[in-house]
Amino acid sequence: MFKKKYAIFTMDVEAFTDTECVAYSKENVDIDLLDGFDEYIKILDENNIKCTMFTVGNLAPKIYDKLQRCIINGHELALHNYEHIPPAKIETETFKKNLVKTKKELSQMFNAEISGFRAPFFSIDRQHLDIIKEIGFKYDSSHLDFLAARHTVNLKINDFEKISKNIYSNGNFFEFGLPIYKMFGFPYPISGGGYIRLGNWPFIKTLIKQYLQKNDYYVFYLHPFELTKQQIPVLKGLKLYDKFYLRYGIKNYAKHIKQLIAILKKLGYSFVTFDELTNKLLKKKSEF
Ligand SMILES: [Zn+2]
């Protein structure tokens, strides 16, 4: 346990067309809905919160100005793979080669250190995690202990040291997992994205509050389209759940995020980026 409580606000910076059901739909979608990126940053800036932006490598050059402005304002640039594909499905040598290249190119392009990684779909296994560590990332934030999610795989990190609930270390490398609420033994992710947006907010809010009172680490994440003010295109041939996923709760999400921030503040949480938390933990380690 820490002396302080930490909350990390993150964003998986990807275009609407990176959303799996949109990518696989047979329709030609040419809208990115990245206005939601600006909406999220606006809410965070109003609350003086710096976020960790896990950005898809091939999207970053296309939104250079947006990202650079945020980096200058203290938000952290991190990677959400080089393309929006689940690492666990990529052959390891290909993954390593492309990730090394993208990390280097984006560090130079933005003149920023890239120390963190989050896998699309939280799809990380031990082999791919070891590569992330090996090529110089300081941390990963892909561990979602919820195997019901699509593409989630069993990540074996039994040999890592447990630092706090959902935080693990291996040498100077950290795995920052996403919080899960256990309801009568059944896990429910309470870290954002669809898990918060699609649920019944008064109920989810109660779960989060209970979790926050007992713990000292919380992570929130979302995708830009979830805060868009544009019209979500109607795509034919989508499954009923995917139609629901793409639309439900978007109108009220900003309001709920603001309430969540107020709850965190009331409970004494400090807002940091993952890079800042990593540096705090490394400093603490060196004191022993
Ligand atoms: Zn993603």
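Whatever order the structure lists them in is the order used to number ligands and atoms, beginning at 1.
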(Q) Within 2.8 Å of the Zn ion (ligand 1), is there any N, O or S atom belonging to H223? (A) no
Q: Tell me whether E14 has at least one N, O or S atom under 2.8 Å from the Zn ion (ligand 1).
A: yes
Q.
Any donor-acceptor pair under 3.5 Å linking the side-chain atoms of H84 with those of N58?
A. no
**Q.** Short side-chain donor-acceptor distance under 3.5 Å, D140 and S142
**A.** yes
(Q) I'd like the atom name of the N/O/S atom in H80 lying closest to the Zn ion (ligand 1). (A)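 Atom name returned: NE2.
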Q: Decide if the gap between the ring center of Y64 and the ring center of F110 is smaller than 6.0 angstrom.
A: yes
Q) Looking only at atom types and distance, does a side-chain atom of Y217 sit under 3.5 Å from a main-chain N or O of I8, one as donor and one as acceptor? A) no
